[in-house]
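Worksheet: one structure, shown below.
Sequence lines set the chain letters: A, B, ... in the order given, protein chains first and strands last, and positions in each chain run from 1.
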Amino acid sequence: MAKDFPTREENYSQWYNDLVIKADLAENSAVRGCMVIKPYGYSIWEKMQAALDKKFKDTGHSNAYFPLFIPKSFFSREAAHVKGFAKECAVVTHYRLKNAEDGKGVVVDETAKLEEELIVRPTSETIIWDTYKNWIQSYRDLPILVNQWANVVRWEMRTRLFLRTTEFLWQEGHTAHETKQEAIDETMLILDVYTDFAEKFMALPVLKGVKSESERFAGAVDTYCIEALMQDGKSLQAGTSHFLGQNFAKAFDVKYLNKENKLNYVWASSWGVSTRLMGALIMAHSDDQGLVLPPKLAPIQVAIVPIYKKAEQLEEISVKAKEIKKLLEARGISVKYDDRDTYKPGWKFAEYEFKGVPVRLAIGPRDMENGTIEVARRDTLEKEVLQVADIDRKVEHLLAQIQENLYTKALNFRNDNTYRADTWEEFTDLIENKGGFVYAHWDGTAETENKIKDKTKATIRLIPLEDDKEEGKCILTGKPSKGRVVFAKAY
RNA sequence: CGGGAUGUAGCGCAGCCAGGUUAGCGCGCCACGUUCGGGACGUGGAGGCCGGGAGUUCGAAUCUCCCCAUCCCGACCA
């Protein structure tokens, strides 16, 4: 299936593109910039959804669903918001087609023009705050802790599977609170939820921080984020959580009566992660042999391959294999027993390897005689022959070990690719020749940030939250800096 | 929207410059047989409006013009 596959060294972006397609995760569709997420890829996304959804519910949130379409006028209510999204909105102007006069196909029926155009949501703050206005009258209605799983559309000029597509899937949480502090607490709570998810499920270490003004969400007071380092030394924003202040409450006139019978604007947060996480997952762990998936997100955690010559052998092996499958499933492990006769064992080995299945078991006639089984792990590509007794416990343990190992490997990689720069020369050298995260001083102005971006293509990924604030001088202007920020080239 | 390139079988490509029988090759696909502990082999077979349209010509995948689509670079991008 995937023999001619470039190494990361040879061509990193080709490696990524080929991996996504050849591992059956997604493909380009007939619609420019929009992808088809294939069953194998989608089942990974479903696992992500399930884990995140549980975390949201466990922290008191409920799911709801708001419309795909947003009246155009809603967008202009919040000035910064419309400015940020105006350039990438799909607009619905008509609601009917008709047969073309020349009989060739259909054309837009110009008489069916919408009174007010509809925007296909690039995010849902506006429609949601217009709705919340009706839900909120008193402090007793607060907080509102709602999340929605949805698709959104942002008309991107250039797209890449999972990393940037015109339409993508995500979740967006939208909360309303009595006080500023509650809204900030919510923003930070979700940042921790995302961090925990990235580290525990994706095996992906992330940096937490706040965005500089130029990277801030359109309409937010503060945007917090988690950033992860990919194997090519570029940073990927894996999730954002915004403290919206009272911006949307004021734009949509959402007030509540407090206990003192006084009207106040509510305080808000919004937060989201998207199918972009799939890109992060792929680029964080995979190698030149293909996809590597952390056990907690792998659709198939264990593949069992029988090795046999005759039909009677297969029958005998199948009995044993199915027995093992049951034992593993009893421990909550997802298992695929692949007894297809249409592919040879070697082919199957290569396929499961390429698709990142964490553990592969092989049973052949020799094993049947010796009471053994071959166990291969995807992360290290190591193989060993174990006694089949107690195999379910051994595999369960191995899966946990793989999960741990992937995280450690990714963390070591990040540590090895995190630098400090004190001069402009050091900085440009690191950005150009090494990549990775570079901690450096910055004078705090958008102007300097932009100049650095123009000169090096590196941007401020985040301002660390609770780093020891060390004073210094801006690497570009030499002006005073209150603390180091994290620079990197980014996706 | 600028610069460059490419459209030939499901996928990847050759053929085009120097027009000429039935358009090839690899992978994949189907059937049968032998195989099966790291991507098997043999034999036979199916599959093409050569991106679309117009033109030149006795004759066009090949030459000319127009159109369409895709990819790469740039601009753009919470």
(Q) If you compare every side-chain N and O of A/Lys348 against the phosphate oxygens of B/G39 (OP1, OP2), does one of them come in below 4.0 Å? (A) no
(Q) Is there a side-chain contact between A/Lys344 and the phosphate of B/A40, meaning an N or O under 4.0 Å from OP1 or OP2? (A) yes
Q. Does anything in residues 299-311 of chain A reach RNA chain B, meaning a heavy atom under 4.0 Å, and if so which residues?
A. A/Ile307, A/Tyr308, A/Lys309
Q: Go through the structure and list residues passing side chain to side chain donor-acceptor pair (under 3.5 Å) with A/Tyr12, not counting sequence neighbours.
A: none
**Q.** Selection from B/C77, B/G38, B/A75 that lies nearest to any side-chain heavy atom of A/Lys383
**A.** B/G38
Q | salt bridge (charged side-chain N to carboxylate O under 4.0 Å, His left out) assessment of A/Lys310 paired with A/Glu316 | A | CA-CA 10 Å; A/Lys310 296 168 195 154; A/Glu316 196 188 334; over 6 Å; no
Q) Quick one: salt bridge (charged side-chain N to carboxylate O under 4.0 Å, His left out) partners of A/Glu215, sequence neighbours excluded? A) A/Arg461
(Q) Under 4.0 Å, counting only non-hydrogen atoms across every strand here, what does A/Asp367 touch: a base, just sugar-phosphate, or nothing? (A) base
Tabulate below the donor-acceptor pairs under 3.5 Å that side-chain atoms of residues 218-226 of chain A make, not counting sequence neighbours, or state none.
| residue | atom | partner | partner atom | Å |
| --- | --- | --- | --- | --- |
| A/Thr223 | OG1 | A/Phe217 | N | 2.9 |
| A/Thr223 | OG1 | A/His242 | ND1 | 2.8 |

Q. Over how many whole Å does the gap from A/Arg32 atom CZ to B/C1 atom P extend?
A. 10 Å
Q: Can you tell me which stems involve RNA chain B, if a stem is defined as three or more consecutive Watson-Crick or G-U wobble pairs, both distances under 3.5 Å?
A: B:1-7 with B:68-74, B:10-13 with B:24-27, B:29-34 with B:40-45, B:51-55 with B:63-67
(Q) Once hydrogens and angles are ignored, does a donor-acceptor distance under 3.5 Å link the base of B/G38 to the side chain of A/Glu353? (A) yes
Show me the donor-acceptor pairs within less than 3.5 Å that the side chains of residues 28-41 of chain A make with the rest of the protein, sequence neighbours left out.
| residue | atom | partner | partner atom | Å |
| --- | --- | --- | --- | --- |
| A/Ser29 | OG | A/Val31 | N | 3.0 |
| A/Ser29 | OG | A/Val31 | O | 3.0 |
| A/Ser29 | OG | A/Cys34 | O | 2.5 |
| A/Lys38 | NZ | A/Asp24 | OD1 | 2.8 |
| A/Tyr40 | OH | A/Lys355 | O | 2.7 |

